Asker: 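Can you read through this structure? Questions will come right after.
Computed from heavy atoms alone, side chains included, the values below leave out hydrogens, waters and symmetry copies. Starting from 1, each residue takes its place in the sequence as its number. Small disclaimer: the values here were computed from a predicted structure and weren't measured.
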Amino acid sequence: ICPAVPRTEFADVTADTYSVGTKLYYECDSGYVRRQGQYPGIQCQSTEQVASWLYDEFECIDKKILLSMAPTKDLDATKKPQRKTQDPAPQKQENLSEFDQKNFCGPPKAIPHASLSLKKQYCVGQVLHFKCQSGYDKRSPSSGTSVCKKVDGKIIWTPLNMRCTNDS
């Protein structure tokens, strides 16, 4: 597991691919709740030489709808809400090399009314892209990457040679 991500002021951090072992968590947007009993986590794992996300069924439902679905005594069995299961979105991995397909997952599928968060740290091999937020890229370079590597038995993020500043 990698140490905490290096902090870069006024920069956004993104990842195109995620190393095997990474766990991400869906969080429902404001006004929505996850369906009871569903697990929000997904994990990148390698099966038969291909890395892919392991999904459980997960759905964010409108709180107003949830309240209107509260069981009543005269609820007709035919009016039960239908559960829609979503097929995992096709991974955009055609441009990944054979090595990458074994060791990295592409972007996770989007779920309506949910965003993704990372509660645990990244795994070794993770590449993160840093880009200055608009208005903060006065000095070059305004973007860069950092890689989580094992060097001399220590796990480190490679140094980032960028600075984002709002100096005029």
Side-chain angles (χ1 to χ4, degrees), residues 1-30 32-61 81-134 137 140-164:
I1 290 182
C2 301
V5 175
R7 306 277 316 162
T8 301
E9 211 177 3
F10 311 124
D12 292 320
V13 185
T14 57
D16 297 329
T17 59
Y18 297 86
S19 47
V20 166
T22 301
K23 288 181 181 174
L24 295 175
Y25 297 85
Y26 287 104
E27 287 180 353
C28 292
D29 296 340
S30 178
Y32 292 83
V33 291
R34 76 179 152 114
R35 197 178 277 284
Q36 195 173 351
Q38 291 184 343
Y39 180 64
I42 60 173
Q43 183 167 12
C44 177
Q45 63 175 31
S46 188
T47 321
E48 294 170 21
Q49 305 297 301
V50 178
S52 60
W53 291 105
L54 178 68
Y55 293 97
D56 284 324
E57 189 179 358
F58 184 78
E59 189 182 0
C60 291
I61 46 182
Q82 288 185 325
R83 292 181 82 150
K84 280 191 280 188
T85 54
Q86 291 173 321
D87 294 328
Q91 300 279 347
K92 289 183 187 168
Q93 289 193 328
E94 317 84 59
N95 57 356
L96 291 180
S97 71
E98 218 172 286
F99 166 80
D100 286 349
Q101 286 184 339
K102 284 186 223 171
N103 296 289
F104 294 91
C105 290
K109 70 176 178 179
I111 286 185
H113 316 298
S115 57
L116 278 162
S117 73
L118 180 91
K119 288 186 183 158
K120 304 278 191 297
Q121 284 104 346
Y122 291 106
C123 298
V124 173
Q126 184 65 55
V127 179
L128 294 179
H129 303 274
F130 292 78
K131 191 173 189 330
C132 289
Q133 294 165 355
S134 63
D137 50 3
S140 189
S142 62
S143 63
T145 58
S146 184
V147 184
C148 181
K149 286 183 171 176
K150 195 168 196 170
V151 180
D152 300 329
K154 276 187 174 172
I155 298 174
I156 56 134
W157 287 99
T158 57
L160 200 60
N161 67 338
M162 63 174 277
R163 260 183 77 202
C164 301

Asker: With rounding to the nearest 0.5 angstrom, report the OG to CD distance, S52 to Q43.
Answerer: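 CD of Q43 is found 11.0 Å from OG of S52.
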Asker: Does CD in Q45 sit with more than 12 non-hydrogen atoms of other residues, nucleotides or ligands closer than 6.0 Å?
Answerer: yes
Asker: Please round to the nearest 0.5 Å and tell me the distance separating atom NZ of K150 and atom SG of C2.
Answerer: 11.0 Å
Asker: I'd like to check the ring pair (Phe, Tyr, Trp, His ring centres under 6.0 Å) partners of H129; sequence neighbours left out, ordered by chain and number.
Answerer: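 Checked H129 against ring pair (Phe, Tyr, Trp, His ring centres under 6.0 Å); zero matches.
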Asker: What's the separation between atom CG in L116 and atom CD1 in I111, rounded to the nearest 0.5 Å?
Answerer: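 These two atoms lie 7.5 Å from each other.
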Asker: Before giving the answer on side-chain contact (heavy atoms from CB on, under 4.5 Å), spell out for V124 and S19 the whole-Å C-alpha distance, their side-chain angles and the decisive distance to 0.1 Å.
Answerer: CA-CA 7 Å; V124 173; S19 47; over 6 Å; no
Asker: Shortest non-hydrogen contact from G106 to Y18?
Answerer: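 Where G106 meets Y18 most closely, the heavy atoms are O-CD1, 4.0 Å.
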Asker: Indicate the atoms forming the closest heavy-atom contact of W53 with C105, along with that distance.
Answerer: NE1-CB, 3.4 Å
Asker: Nearest 0.5 Å please: distance from the CG atom of N161 over to the OG atom of S146.
Answerer: 10.0 Å
Asker: Taking the side chain as every heavy atom from C-beta outward, state whether P141 and F130 have any atom pair closer than 4.5 Å.
Answerer: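 Result no, sub-4.5 Å side-chain heavy-atom pair not found.
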Asker: Are the side chains of D29 and S115 in contact, using a 4.5 Å heavy-atom criterion?
Answerer: yes
Asker: Tell me, with the steps shown, if L128 and Y122 meet side-chain contact (heavy atoms from CB on, under 4.5 Å).
Answerer: CA-CA 10 Å; L128 294 179; Y122 291 106; 3.7 Å; yes
Asker: Who pairs with C123 by disulfide (SG to SG under 2.5 Å), at least two apart in sequence or on another chain?
Answerer: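 For C123, no residue satisfies disulfide (SG to SG under 2.5 Å) once neighbours in sequence are set aside.
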Asker: What's the spacing between T145 OG1 and M162 CE if we round to 0.5 Å?
Answerer: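 It is 10.5 Å, given to the nearest 0.5 Å.
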Asker: Less than 4.5 Å apart, any side-chain heavy atom of P112 and any of Y32?
Answerer: no
Asker: Take Y26 and Y39 through the test side-chain contact (heavy atoms from CB on, under 4.5 Å) and record every step on the way to the result.
Answerer: CA-CA 9 Å; Y26 287 104; Y39 180 64; over 6 Å; no
Asker: Mind checking the CZ-OG1 spacing from F104 to T22? Nearest 0.5 Å is all I need.
Answerer: 8.5 Å
Asker: Checking Q126 side chain against T17 main chain: does a donor-acceptor pair fall under 3.5 Å?
Answerer: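 Confirmed, Q126 side chain pairs with T17 backbone.
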Asker: Taking the side chain from T158 and the backbone from V147, do they hold a donor-acceptor pair closer than 3.5 Å?
Answerer: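 Yes, because the side chain of T158 sits within donor-acceptor range (under 3.5 Å) of the backbone of V147.
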Asker: Do you know the tightest heavy-atom contact between R163 and C132?
Answerer: O-SG, 4.0 Å
Asker: Do you know which two heavy atoms are closest between F58 and C28, and how far apart they sit?
Answerer: CZ-SG, 4.0 Å
Asker: What heavy-atom pair brings A11 and Q133 nearest, and what distance separates the two atoms?
Answerer: O-NE2, 3.8 Å
